[in-house]
Amino acid sequence: MSELNQRSLATLGELADEPVEQTGPTSDFVYVDISSIDRETKKITEAKALTLSQAPSRAKQLLRTGDVLVSMTRPNLNAVALVPEQLDGAIGSTGFRVLRSRWLRPEFLLRLVQSQRFVDEMSALVQGALYPAVRPKDIAAFTFAFETPVQQARIVAKLEELLSDLDTGVAELKAAQKKLGQYRQSLLKAAVEGALTAEWRANNTPSETGAQLLQRILTERRARWEAKQLAKFAEQGKTPPKDWQKKYPEPVRPDITDLPTLPEGWVWASVDQLTVEQKYGSSSKTNEDPTGVPVLRMGNIQDGDLDFSNLKYLPVDHAEFPGLHLQDGDLLFNRTNSPELVGKTAVYRSQISPCSFASYLISVRFSAGYIPEIASAFINSAYGKRWIKSVVVQQVGQANVNGSKLSALAVPVPPFKEQQEIVSALHAQASEIVDQLKSVDISLKQSNAQRQNILRAAFVGLLVPQDPNDELASALLERIRAERAERVKQPKTRKTKPKEIAIMVSQLIGVLAQAGDWVPAQEAFRRCGVADGALTERIEELYAELRKLDKAGRLAVEAVTDAQGRKLYDKLKLLAG
C-alpha cells in the first residue's frame, strides 16, 4: 500500500457502484455463471442458453456491455471477465459482484481486478470452508489509485501493447505443453500395445511367453494360499478337512471386451490374478512433524510419478505400522478424487523409506515376474482412462473406483525380459518429456510474474507518464464524491407495499385481457400506471410477479430482437385460463 500513499485513493464501492437490475429472466435467456468464465483468458466462453423454466435461483442480475464480473467464490482463482457486446442483456449469477462504473473504463477495471494485490487482499478475506467466498462489501472496500478517464485510456493502451506480446508467448508455451502431454499419451499407448518394443521383439525370442509367465504366477498364487491355510490349521491344532483345497478363491478373470489384440507372446490378465495383496491406506490424522513416517496422499501422485515435495507424517510408533509401510514396487492407485483426477497411478520405488500412504490410495503388491510399471502405464494411458470412466461411481463432488473394480481390471502381460525393455524405454523417453515440461512450467511462471509486474506498475503510476495538461485526478475525485454525497441526501424511496403490487398486477392482467394480443411490456406497464420513470425497485417487484404468472401458465413472455439478434424489449400476452 506504501506505493499508493501519495496518490488519489478511492474504493471500488465509490466508483463502481452503478445499480444493476436484479429482475432475473422474464423469458428464455442466456445465463452467465462462474463456470462460464475461462480463468486463463479472463473471458466468458461458456454462456448457457436456458428456458425460463430452467432458471436457477441465482439467475438474477441483468448484465450490460462493459460490466466487469468478479466471482466472489474462491477469489484466489480470479474468475473475472468483461461482458462483451453480444452478451448485453444476459442474466448473471448472484455469485458475481457486478462492477459497473461511469468513471472507470471497463478495460481498466478488468485489469485492476486481475492484479495480484486485488487477488491477495480478497483471498485474505475469504469466509467459509465448504464454500469459501468474499462478500460484496469486501470487494467494494478495495482501495486503489484513481486515474482520470483520459489517463485510464493511456494505461489500458499500454497494457494491451505489453500484455498482447506476453499472451502470444504464453499461448505458444501452452501449445507446447499440450503437445508434450499428447506425446506422453502416445508413448504410454505404444508401450502397452507393444509398438514401443516391436523391433526388440523381432530380434529376441523370450524363454518364457506371457501366457507361461501368467500360469507360473497363478500356480505360485495358489501355492501361497495353500501354505497359508496349512499354517492356520497347524496353529489351531486341526487336521486339514477333506477337499479343503477346493475352497481356494479363484482370482477374477479379465474382461478383454473392446481391448486391442496383443502382440504374439503377450496375454491379458486381471490385476487380481497378478496380485499378492491390496491394501487401503491410513485414515488417521497426519501432522507436520518430519521426524515421523511420511504419508503419501493423492496430491503426491503427479503425471505418473511420485512427488515428495509436500509431505504429511504419522508418528513412527503409529499403531498401523509396520503393516502400512510401503515396499519397493508397490503400485499406488488414487481411488477417490475429482472426476478428472480419480485413478492417478504411480509406483513407489523406495525413494523415501520408511513410507506409508493415506486412505484415498490403494497399494497393490504384484507377484514376482510382473513389473508394476507396466500396470501403471496401462492405467495412466487412454485405455486406463476409458476403463475408469466406465466403472467410476460419482459421489457428491467426488468420484470413486474401489478395490474390487481395480482387481477386475485387465492389464497386458508381456514376457518378463520384454517388460524390462519396456520399462527401460519408457523411463528414458518419459524423463525427456518431464524435463521439457518442467522447462515450460518455469517459463509460464516467469510469464505470470512478468504480467503481475506490468499490472503493478500500471496501478501505481509507473507504466505511462501523466500529461500535465490533464485535469488532476484528485479534483475529479472530489467532484465525484460531492455528487455522491448529494445523492445520499435525497429522500429515500418508499418500498412498494404488497397490496400496491397486487393492485398493479390486477390492473396489468386487465390491460392484457382487454388487448387480447401481444403488448410491449413497457406499454402494458404504462397503461396500468407504472410510468417510464418508475423506481427500479418497483419494476423489479412487478417483474417478480410476472415470473410467477409465467410459471403458472397464465402469461406468455417473448423477447423482441433486432436484425443482429440483440434484445430490444419484452412483449406480453395473457393466456386463457
Side-chain angles (χ1 to χ4, degrees), residues 40 166 168-204 260 262-263 266 296 298-311 326 328-334 337 340-341 343-352 355 366 370-388 411-450:
E40 296 293 327
L166 197 60
T168 300
V170 168
E172 291 173 355
L173 287 169
K174 287 188 177 295
Q177 199 175 46
K178 184 177 180 179
K179 286 181 180 178
L180 286 168
Q182 291 170 341
Y183 177 55
R184 185 205 297 268
Q185 277 298 314
S186 297
L187 182 63
L188 292 175
K189 185 173 184 289
V192 299
E193 287 181 346
L196 189 63
T197 47
E199 185 178 343
W200 180 92
R201 202 164 46 250
N203 297 316
N204 293 270
L262 293 174
W266 289 34
L296 298 176
M298 54 188 178
N300 295 112
I301 299 178
Q302 297 290 337
D303 298 322
D305 289 313
L306 291 176
D307 179 357
F308 294 89
S309 62
N310 183 20
L311 293 172
L326 290 167
D328 188 75
D330 284 352
L331 179 144
L332 292 172
F333 176 84
N334 182 195
N337 206 323
E340 66 273 12
L341 293 177
K344 296 188 299 178
T345 304
V347 177
Y348 169 75
R349 282 299 179 186
S350 302
Q351 295 94 330
I352 297 176
C355 188
F366 286 95
Y370 190 75
I371 301 177
E373 279 80 2
I374 303 296
S376 181
F378 185 81
I379 297 171
N380 287 320
S381 74
Y383 292 115
K385 293 180 188 299
R386 188 171 65 196
W387 164 75
I388 288 166
V411 294
V413 182
F416 185 72
K417 288 290 185 182
E418 190 168 358
Q419 290 182 43
Q420 292 176 316
E421 187 66 24
I422 290 170
V423 171
S424 176
L426 269 177
H427 178 74
Q429 296 187 47
S431 294
E432 291 182 16
I433 295 173
V434 168
D435 289 343
Q436 291 180 58
L437 283 170
K438 285 180 180 177
S439 178
V440 169
D441 188 55
I442 290 170
S443 296
L444 285 170
K445 287 177 179 176
Q446 290 172 339
S447 296
N448 184 60
Q450 188 178 353

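The side-chain contact (heavy atoms from CB on, under 4.5 Å) search around R386 returns Y383, not counting sequence neighbours. Among residues two or more places apart in sequence or in another chain, the side-chain contact (heavy atoms from CB on, under 4.5 Å) test is passed with P415 by P206, W266, E418. Partners of D307 by salt bridge (Lys or Arg N to Asp or Glu O under 4.0 Å), not counting sequence neighbours: none found. For A346, the side-chain contact (heavy atoms from CB on, under 4.5 Å) criterion is met by I301, L306, not counting sequence neighbours. When the ring-ring contact (aromatic ring centres under 6.0 Å, His included) test is applied to F366, the partners found at least two apart in sequence or on another chain are Y370. Residues satisfying the salt bridge (Lys or Arg N to Asp or Glu O under 4.0 Å) test with E199, not counting sequence neighbours, are none. Remark: D305 pairs with no residue by the salt bridge (Lys or Arg N to Asp or Glu O under 4.0 Å) rule, at least two apart or across chains. Evaluation of the side-chain hydrogen bond (donor to acceptor under 3.5 Å, both in side chains) rule for N300 yields no partner, not counting sequence neighbours. In this structure E421 satisfies the side-chain contact (heavy atoms from CB on, under 4.5 Å) test together with T197, W200, sequence neighbours excluded.
Smallest separation of non-hydrogen atoms from D328 and R349: OD2-NH1, 2.8 Å. Considering all non-hydrogen atoms of both residues, S447 and L166 come closest at O-CD2, 3.5 Å. Closest non-hydrogen pair, G194 versus P263, comes out as CA-CG, 3.9 Å. The shortest heavy-atom contact between I374 and P414 is CG2-CD, 4.3 Å. In terms of heavy-atom proximity, P412 sits nearest to L262 at CB-CD2, 4.1 Å.
K344 contributes a side-chain N or O that, together with a main-chain N or O of M298, makes up a donor-acceptor pair within less than 3.5 Å. Judged by distance alone, with hydrogens and angles left aside, the side-chain atoms of E373 form no donor-acceptor pair with the main-chain N or O of V423 at under 3.5 Å. Judged purely by atom type and a 3.5 angstrom limit, Q302 uses its side chain to pair as donor or acceptor with the backbone of G299.
Residues Y348 and S350 are in side-chain contact: their nearest non-hydrogen atoms beyond the backbone lie under 4.5 Å apart. For the pair V411 and V192, the minimum side-chain heavy-atom distance is 4.5 Å or more. L426 has its side chain within reach of L196: a pair of non-hydrogen atoms, C-beta onward, lies under 4.5 Å apart. Inter-residue side-chain proximity for T345 and N334 is flagged as unmet; no heavy-atom pair is nearer than 4.5 Å. Side-chain atoms of K385 and S381, non-hydrogen and from C-beta on, never get closer than 4.5 Å to each other.
Summarising the geometry, atom CD belonging to E172 is positioned 13.5 Å from atom CD belonging to Q177; distances are rounded to the nearest 0.5 Å. Interatomic distance, CG of L326 versus CD of Q351, reported as 10.0 Å (0.5 Å rounding). Note: C355 SG to F308 CZ = 5.5 Å, rounded to the nearest 0.5 Å.
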Donor-acceptor contacts under 3.5 Å from residues 179-191 side chains, at least two apart:
from	atom 1	to	atom 2	distance (Å)
Y183	OH	Q429	OE1	2.9
R184	NH1	D303	O	3.2
Q185	OE1	A382	N	3.0
Q185	NE2	N380	O	3.0
S186	OG	Q182	O	3.1
K189	NZ	E193	OE1	3.2
K189	NZ	E193	OE2	3.0

Under 3.5 Å, sequence neighbours excluded: what are the donor-acceptor pairs made by side chains of residues 433-446?
from	atom 1	to	atom 2	distance (Å)
D441	OD2	K445	NZ	3.3
S443	OG	S439	O	3.2

Check against side-chain contact (heavy atoms from CB on, under 4.5 Å), K417 and N204: CA-CA 9 Å; K417 288 290 185 182; N204 293 270; over 6 Å; no
Could you go step by step and tell me if L296 and L332 meet the side-chain contact (heavy atoms from CB on, under 4.5 Å) rule? CA-CA 9 Å; L296 298 176; L332 292 172; 3.6 Å; yes
